[in-house]
Each structure stands twice: as structure tokens, then as C-alpha cells.
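Heads up: the structure comes next, in C-alpha cells.
Excluded from the calculations below are hydrogen atoms, water molecules and symmetry mates; all remaining heavy atoms, backbone and side chain alike, are included. Lettering follows sequence order; numbering is per chain, from 1.
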There are 2 protein chains.
Amino acid sequence: MTAVGKFSTRPLYLQVKDMLIQRIAAGDWKPGAAIPNEIELSRELGISVGTVRKALDEMEHERLISRRQGRGTFVIDQTSTEHAVRFSNIRDPGAVRIGGDLVNCTIVAAAANQTEAQHLELRNGEPIFRIHRLRAHHGVPLMVEESIVPQALFPGLERETDDSPSIVVLARHYGVLLGRAEEKVGVAAAKGDVAKLLGVEENTPVLLLDRVVRTIDGRPIEWRLASCNLRQNYYLAEMN
Amino acid sequence: MTAVGKFSTRPLYLQVKDMLIQRIAAGDWKPGAAIPNEIELSRELGISVGTVRKALDEMEHERLISRRQGRGTFVIDQTSTEHAVRFSNIRDPGAVRIGGDLVNCTIVAAAANQTEAQHLELRNGEPIFRIHRLRAHHGVPLMVEESIVPQALFPGLERETDDSPSIVVLARHYGVLLGRAEEKVGVAAAKGDVAKLLGVEENTPVLLLDRVVRTIDGRPIEWRLASCNLRQNYYLAEMN
DNA sequence: AAGTGGTCTAGACCACGGA
DNA sequence: CCGTGGTCTAGACCACTTA
């Protein structure tokens, strides 16, 4: 018997899930690697296979693992082309999600102002990074964005030599698992720098994307404000 | 043993789900009513409780039923205030979904043009209804919309004395269960009638919503094109 | 107290993928 | 062929709601 126990009120399969998520986040199993099979996990934990299955089912639904009959269960690489753009609802004319390629990136350390603290559920003045990026698609400017992240989750980010192209890549680099996101969609007229960077005339209408990405535990990890010139691309929201 | 059998390749729990959905759509159990409990269903069908559970789990996830420990399993009323606006991503300042109240509604029978046929996966010229609506929120114009639906699914709709406020209400009235929807979000300048109906000046930027709602089987049932004046409301997309 | 869904067990067999 | 996840069974007990 390991960290899971039958004397908590929390259902066993959720404890199993928590434990597996924790081990993935800790790097016990790298992205792309196989997880022990169901029988083995159930023996290790001294519980039934069905209980392990229920934990794995939920994790698959949350895109943490992928299971295939006959092959096994694998940790999903969130930075793979398939998953890297899952928090972008912008599609190219062929309906595939695009996130834009990084053109330019500057990082500044600062203290959270009130809006920033509110969006990230921090206290006023807590340390954050402000990341400004310009993104292009097929060489054409797509969006300018300001991304706010708490310093606590990304220690030493400002000294990184590599660029930090997106929250998905950052999260993987710092061992954080991402969950859900909400995005407000609005419209505004491009002004000054924004217009210049996007290569459009002043007052061209652009899409305004105000997005909060959360970790698997539901804590906000990034607040991003983007101005986007869609051109022939479009924004697509799916509803269940 | 009823309509489910063990000699198909389709998993038993999916056959059970299909059958239950069919019975709900047929009106065997009205919205709000209780479904027989798991034990009873499993006895009726001659299968194990676990198999019934798996079917019910999926149906709950698809918002067809709601289950509560100690109470029972109930057919969800899609037209209840909670579920009626689930295909609208517009939120009021308090973050609650709003669909707008119906102000005005006209229905015209017609033959599908190419775009309409394409969106609804019909053949050119198949009979459709074009429904024009004006919606307001707290008495203030919110959106004008043109909704296209196939006549096949809504026989006699043009003779209805009741207004048809939304696809959700229509679907319930005609015994169709709704599944998912996709919505393209764009921006445009309000012109002519649209500007007049929304009570804004010409060329005011409005949100353009291009939405396809599908049945539980995945067939398109409504294509709606709406021009929306958000004012203090906003558009919120959720991503998993 | 009775009845419901929720959790958990311990098996069996099937369908699929790769060596 | 073997090992994997997917389906299905037949129970047990728990937690919650209602009367």
C-alpha cells in the first residue's frame, strides 16, 4: 500500500488520479512515455483494476494520458503539434487550429497591479512577469499579446535564454499541467503600436482576446490580452 | 430481453444508451420525469447494472439526464432556464449566460440555397424555413438573427401560432434532442436594417455570430447568423 | 427505514497491436 | 503468440434523500 488509503472520505479512484497526476507532474513518467498497465498499477496500489480504470478514464478525458487498446497508456506531450494550440480558437481556412509563430518576445519582471492580481487570483503587488509577444502566421503578423504569469510558478524565467513561445511550452518546462481556459472575445480598433506591429492602418477593427488559462487544479496560471488580425482565419468556439 | 443484444459488434452499453435516448426522444419519459432505477433497467434488459451505469454516465455527461444520489435519475428539461441558453456564449456583467428575449419573429418557407444547404448538410433546393428574430435583453436590443432550419424536422412550423423563440424550444416541441454546436465569431459594421433594429448608428461595430447547432446524432439542425450589440455584456468561450 | 445512485471488488472474456 | 486496454458480469457496501 502506498499513498492511497481507504479511510479517507475522498473516493479511492480520485486519490489514485491525484497520485498519478502528481507523479506525471513530478516527471516520474515523461511526456510520451508509457505508464504501467492497469493490472500492475492495481497490484502496486493494492486495489481493484476497475478503480484504476476509472481514474485513468478521467485522466484521458482531461487529456493527460492517451490509451490505446493493444498498445498501452501514454503520457500526452502537451507541446506536441496536436496539443500545443488547444487554447487557441483561431482556425486557418482549413479549419485547423493555429497559434501563430513567435516573432518577438520580451519579458519584464514586475509587481502585480490590481487587475493582474484579480485575474491570477494573487494579492496586489505579488511578483509577476509581463511577457510581450508578436506572433505571425505564414510570415504575416497575426497577433500581439501581453501575457501575465506569476513569478512563483516560473522561477528564473526572465533569465531564460530560450524564448518562451507560449504558456503550453512554459508549463511543460516548469512541470506544470494545464487544465481549462476561458476567453472573452471582443472587438477594438487597432491603435498606435498595435496597428504598427500588426501592419494595419490605425482604427482597423481587430479581435480582442482576453484569456485566463488554469492549471489542472483550477488555479489561474496565465492572463493574456491579445489583439488579433484574423485576415482569412477565423475564431471558432465549440459548445457542448 | 428487449432491443439490445449481445451479438452485435457495437458495445452493449452504447446500445443501451441508444435505446434510452430513443425512448426519451419518443416521449416515453417526459422532461423532468424520473427514469427507472439502475437495478430495474438492468433487470428489464437482462444485463448487468455496471453496463447500465456506463450508458447513464455518458448520457449525464451529454446533459440528457441528471442523476442524484438518493433521489434518482431524471430527464433534463432542455428548455429550463438553466439549459435553454447553453448554446449562447453571451454573458451579462454577472457572468450568467443570456440568450435575449424574443421581440419579433417572422418565418418564411423556402428552398435551401447553396450556402444554406452546405451548412445544414442538405441538398440544394431542399425545403427550409428562414426565421428572422429580434432579441432584447432588459428591453434593450441585443441581436438580430436569421435562423435556417430544415422543414423535414419541423413540419408545419410556419403555421404555429406560438412564436418559436429559439432552437432549444423548437427542438423540444418537435421531439429532437440537441447535442453540440460550433460558432464562428467575427466582427462587422452594422448597416441599414441591422443598425436600425439594434438601435445603433450605421457602421457601429457589432459581433457576428455564425453558429451551427447539431442534434445528439451529430446532424446539423440549425444554421444561425446573428449580429449582436454586446454593450456591457460579453462573449465568453470555454476551452478544455 | 426504505430506496436511490456512488464506490469498489474480483473475476471473465474480447479486440487490438506488435513481435 | 503475448500483452494491452475495452467490455461485461455479479455481487457488496456506502452515502445520500425522502418519508
Criterion side-chain contact (heavy atoms from CB on, under 4.5 Å) against A/Leu64, the qualifying member of A/Leu20, A/Ile76, A/Leu177: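 That would be A/Leu177; it is the only one of A/Leu20, A/Ile76, A/Leu177 passing the side-chain contact (heavy atoms from CB on, under 4.5 Å) with A/Leu64.
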Distance alone, cut at 3.5 Å: any donor-acceptor contact between the side chains of A/Asn89 and A/Arg97?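 Yes, A/Arg97 and A/Asn89 have a side-chain donor paired with an acceptor closer than 3.5 Å.
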Whole Å only: how far is the [atom1] atom of [X] from the [atom2] atom of [N]?
{"X": "B/Ile39", "N": "D/dG11", "atom1": "CD1", "atom2": "C1'", "result": "10 Å"}
{"X": "A/Arg67", "N": "D/dG3", "atom1": "CZ", "atom2": "P", "result": "19 Å"}
{"X": "B/Glu60", "N": "C/dT4", "atom1": "CD", "atom2": "P", "result": "17 Å"}
{"X": "B/Asp57", "N": "C/dT7", "atom1": "CG", "atom2": "C1'", "result": "12 Å"}
{"X": "A/Leu12", "N": "D/dC14", "atom1": "CG", "atom2": "P", "result": "15 Å"}
{"X": "B/Leu41", "N": "D/dA10", "atom1": "CG", "atom2": "C1'", "result": "17 Å"}
{"X": "A/Glu38", "N": "D/dG6", "atom1": "CD", "atom2": "C1'", "result": "8 Å"}
{"X": "A/Arg10", "N": "C/dT7", "atom1": "CZ", "atom2": "P", "result": "11 Å"}

Choose from [options] the nucleotide whose nearest atom is closest to any side-chain atom of [X].
{"X": "A/Arg53", "options": "C/dT9, C/dG5, D/dG6", "value": "D/dG6"}
{"X": "A/Asn37", "options": "C/dG5, C/dC8, D/dT4", "value": "D/dT4"}
{"X": "B/Ile47", "options": "D/dT9, C/dC8, D/dG6", "value": "D/dT9"}

Would you say a side-chain N or O of [X] is under 4.0 Å from OP1 or OP2 of [N]?
{"X": "A/Lys54", "N": "C/dC8", "answer": "no"}
{"X": "A/Arg71", "N": "C/dG18", "answer": "yes"}
{"X": "B/Thr73", "N": "C/dT4", "answer": "no"}
{"X": "A/Tyr13", "N": "C/dT7", "answer": "yes"}
{"X": "B/Thr51", "N": "D/dT7", "answer": "no"}

If you look at every strand shown and take non-hydrogen atoms under 4.0 Å, does A/Arg68 touch a base, only sugar-phosphate, or nothing?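 Result for A/Arg68 = sugar-phosphate.
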So that I can tick it off, tell me whether [Y] and [X] are bridged by a salt bridge, with the cut-off set at under 4.0 angstrom between side-chain N and carboxylate O.
{"X": "B/Glu121", "Y": "B/Arg214", "result": "yes"}
{"X": "A/Asp28", "Y": "A/Arg23", "result": "yes"}
{"X": "A/Arg53", "Y": "A/Glu38", "result": "yes"}

Relative to the 5' end of DNA chain C, which residue comes earlier, A/Gly70 or A/Leu14, by the nucleotide with the nearest heavy atom?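 Taking each residue's closest nucleotide, the earlier one in sequence belongs to A/Leu14.
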